Amino acid sequence: MTNIGVLALQGDVAEHEAMLAASGANPSLVKRADQLHGLDGIIIPGGESTTIGKLLRRFDLLEPLQERVRAGFPIFGTCAGMILLADHVEDAATDQPTIGGMNITVQRNAFGSQRESFETDLRVPSVGDQPLHAVFIRAPLITQVGDDVTVLATLADGRAVAAQQDNLLVASFHPELTDDARLHRYFVDMVSERS
Amino acid sequence: METGTWKAKAGLAQMLKGGVIMDVVTAEHARIAEEAGAVAVMALERVPSDIRAAGGVARMSDPLLIEDIKHAVTIPVMAKCRIGHFAEAQVLQALGVDYIDESEVLTPADDKYHIYKHDFTVPYVCGARDLGEALRRIGEGAAMVRTKGEAGSGNIVEAVRHMRAVVDGIRHVQSLSNEQLMAEAKNLQAPYELVQYVHEHGRLPVVNFCAGGVATPADAALMMQLGADGIFVGSGVFKSDNPAKRAQAIVEATTHFEDATVVANASRGLGEAMRGIEINAIPERELMAARGW
């Protein structure tokens, strides 16, 4: 069974843990660098990207994760996790540490305040024909992608909300808040193929 | 695209889990809070200990202050309205705050009814002293609850009492058999469907934070170990000697609440905490936690 960690510094950790268990992986929580040992992949959950970034640096997880990104370690980031994996962040807070590694530009709070948070159905051909129900909460958007990045899902107006670059998978929304585990299974398959 | 859905409202609280929400009264405070790693700020004209000291009627903050704080930070901004004052809440929604706290810290506007929160696009957090009160607020549409504690006291004892009451209440409901749930709903004065949910899942249907009395990193670690999903700090940060350092320390202790070494490191050399009040020294009619029905 694949061992997949959930970064547990802050955010909706338990929801990802449950989704991983439902997708046939063996989840564990990561708050310290030594807890990365033995993992085949990791999820960076939804949460507050400024908070998670500062705690990554404070508790010496930033560099170990950056090294793993370079070595091809599979990482799935949702919402805040997507911001933390992006190479470029528009309107970042001052002093906002990120892991980076994915050749995308993201815009934080791209839809506005919580009033504008929404649910919608997305077409995500990589996980099947049935639409994927998606919850966007103060969500970021992918505003630019590099040549090596595949866009997996867009809103009706064409704006990108999920993407993959080799070992890195990101989504603007929260599949962990729904009962649909297809995107988590897609990630578990990515991890299994590699390990 | 559908806005204001229950999943979007309760979901934002899920994103705040494991984090610290700090009361701030200026844009400068808000920046200090964000820099320290707060997951959100609560925009107020006065922190609770100053509201207590000032007396008189405490109301919603000036929109100018709330907008000032919204512009200063990128993290979510919450604001308080009086219990039952749905017009204040409509104003807060129009201002685009991310969460409304229908709060006992302000002077109640209605002595019988809380706001019907399902009517709003913006989600609500409400205080509770026990399971019944928590489920009543959720029934009215609160997408997040918190202990009331005793705001502005700098004393954790009431928050502990309220968190234990909620957790004990959940355990009790779990232990009941199906035919006992209706009587328990009557006893708790709580919606039957929500009592069934607690019986089945062993937890509240929404996120439950601790509020009211947190002043130190160890206070935060205590409440997290007692089952809080996260921490509100009111007067505890900006009424202390070194707000920036204490704010960061409380964030670190909330993340690593089960690791006493981290909490010890975070607690070192923070200077004076806020002064604090013995609860018995507060006249009964001035207890904020008693407000709400």
Side-chain angles (χ1 to χ4, degrees), chain A residues 7-16 29 31-32 45-59 78-80 83 89-97 108-109 111-122 133-139 155-157 173-174 176-178, chain B residues 1-21 31 33-40 70 72-78 92-100 120-123 143 203 207 229-230 248-249 251-252 254-259 261-262 265-266:
Chain A
L7 185 70
L9 296 173
Q10 192 273 314
D12 68 336
V13 175
E15 290 80 351
H16 275 292
L29 302 188
K31 288 191 182 185
R32 299 188 313 265
E48 200 41 56
S49 63
T50 53
T51 302
I52 299 173
K54 285 169 199 294
L55 290 168
L56 280 172
R57 185 174 59 193
R58 174 68 186 81
F59 294 107
T78 62
C79 196
I83 296 168
V89 182
E90 289 176 28
D91 55 27
T94 43
D95 183 35
Q96 179 172 359
R108 294 181 64 206
N109 306 332
F111 300 89
S113 66
Q114 171 63 15
R115 232 174 14 188
E116 279 73 46
S117 294
F118 63 97
E119 295 182 45
T120 193
D121 285 331
L122 296 174
H133 191 68
V135 190
F136 290 78
I137 298 174
R138 283 173 51 91
L155 292 172
D157 59 14
F173 50 92
H174 297 282
E176 74 278 13
L177 294 186
T178 68
Chain B
M1 305 216 308
E2 200 189 346
T3 58
T5 61
W6 178 252
K7 262 205 164 80
K9 290 172 161 183
L12 178 55
Q14 287 168 275
M15 299 311 139
L16 301 174
K17 284 194 294 182
V20 182
I21 300 165
R31 278 188 286 267
E34 182 175 60
E35 182 56 35
V39 289
K70 261 175 68 77
V73 293
T74 63
I75 56 180
V77 175
M78 302 183 167
L92 294 176
Q93 174 161 284
L95 291 171
V97 304
D98 296 296
Y99 239 94
I100 297 173
F120 287 73
T121 309
V122 170
R203 60 177 176 79
V207 164
D229 290 316
Q248 190 181 328
V251 170
E252 291 174 8
T254 301
T255 292
H256 286 285
F257 64 88
E258 73 295 72
D259 186 338
T261 310
V262 175
N265 286 337

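All chains are named by letter (A, B, ...) in the order of the sequence lines, taking the proteins before the strands, and each is independently numbered beginning at 1. The shown structure was predicted, so the numbers you read here are calculated from the model rather than taken from an experiment.
Heavy atoms of V39(B) lying under 4.5 Å from chain A belong to its backbone as well as its side chain. Contacts of D91(A) with chain B are made by backbone atoms alone, with heavy-atom separations under 4.5 Å and no side-chain atom involved. Using a 4.5 Å cut-off between heavy atoms, A38(B) touches chain A through its backbone atoms (N, CA, C, O) alone. T121(B) touches chain A through its side chain: at least one heavy atom from C-beta onward sits under 4.5 Å away, while N, CA, C and O do not. For chain B, the nearby part of L55(A) is the side chain; its heavy atoms alone come within less than 4.5 Å. Contact of E34(B) with chain A is made through backbone and side chain together, with heavy-atom distances under 4.5 Å. In this structure, the portion of E116(A) lying under 4.5 Å from any heavy atom of chain B is its backbone and not its side chain. Using a 4.5 Å cut-off between heavy atoms, S117(A) contacts chain B through both its backbone and its side chain. In this structure, the portion of R58(A) lying under 4.5 Å from any heavy atom of chain B is its side chain and not its backbone. Proximity to chain A (any heavy atom under 4.5 Å) is shown, for V20(B), by neither the backbone nor the side chain.
Panel note: side chain D12(A), backbone G46(A); a donor-acceptor pair is recorded below 3.5 Å. At least one donor-acceptor pair under 3.5 Å links the side chain of D98(B) to the backbone N or O of V77(B). Formation of a donor-acceptor pair under 3.5 Å by the Q10(A) side chain with backbone atoms of K17(B) is found in this model. Looking at S113(A), its side chain never comes within 3.5 Å of a backbone N or O of V97(B) through a donor-acceptor pair.
A 4.5 Å side-chain heavy-atom check between T50(A) and V73(B) finds every atom pair outside the cut-off. Considering only heavy atoms from C-beta on, R108(A) comes within 4.5 Å of S49(A) through its side chain. Within the 4.5 Å cutoff, side-chain heavy atoms of P76(B) are placed close to those of R138(A).
The pair R57(A)-D95(A) counts as a salt bridge, with a side-chain nitrogen and a carboxylate oxygen less than 4.0 angstrom apart.
Using the six-membered ring where Trp is involved, F111(A) and F118(A) have ring planes that are perpendicular, over 60° apart on the 30 and 60° scheme.
Ranked by non-hydrogen atom pairs under 4.5 Å with chain B, the options G112(A), G47(A), A8(A) are led by G47(A). Of the listed residues (T51(A), I52(A), T120(A)), the greatest number of heavy-atom pairs within a distance under 4.5 Å of chain B belongs to T51(A). Ranked by heavy-atom pairs shorter than 4.5 Å toward chain A, the options M15(B), Q248(B), M1(B), E252(B) are led by M15(B). Taking chain A as the reference chain and counting heavy-atom pairs below 4.5 Å, the highest number among T74(B), T5(B), L16(B) is found for T74(B). Looking only at heavy-atom pairs under 4.5 Å with chain A, the residue among A10(B), G230(B), G96(B), G18(B) that has the most is G96(B). The greatest number of non-hydrogen atom pairs below 4.5 Å with chain B, out of V135(A), L155(A), V13(A), is found for V135(A). Ranked by heavy-atom pairs shorter than 4.5 Å toward chain A, the options K9(B), R31(B), E2(B) are led by E2(B).
For the salt bridge (Lys or Arg N to Asp or Glu O under 4.0 Å) test, residues two or more places apart in sequence or in another chain that qualify with E35(B) are K54(A). Scored by the ring-ring contact (aromatic ring centres under 6.0 Å, His included) test, F257(B) finds no partners at all (sequence neighbours excluded).
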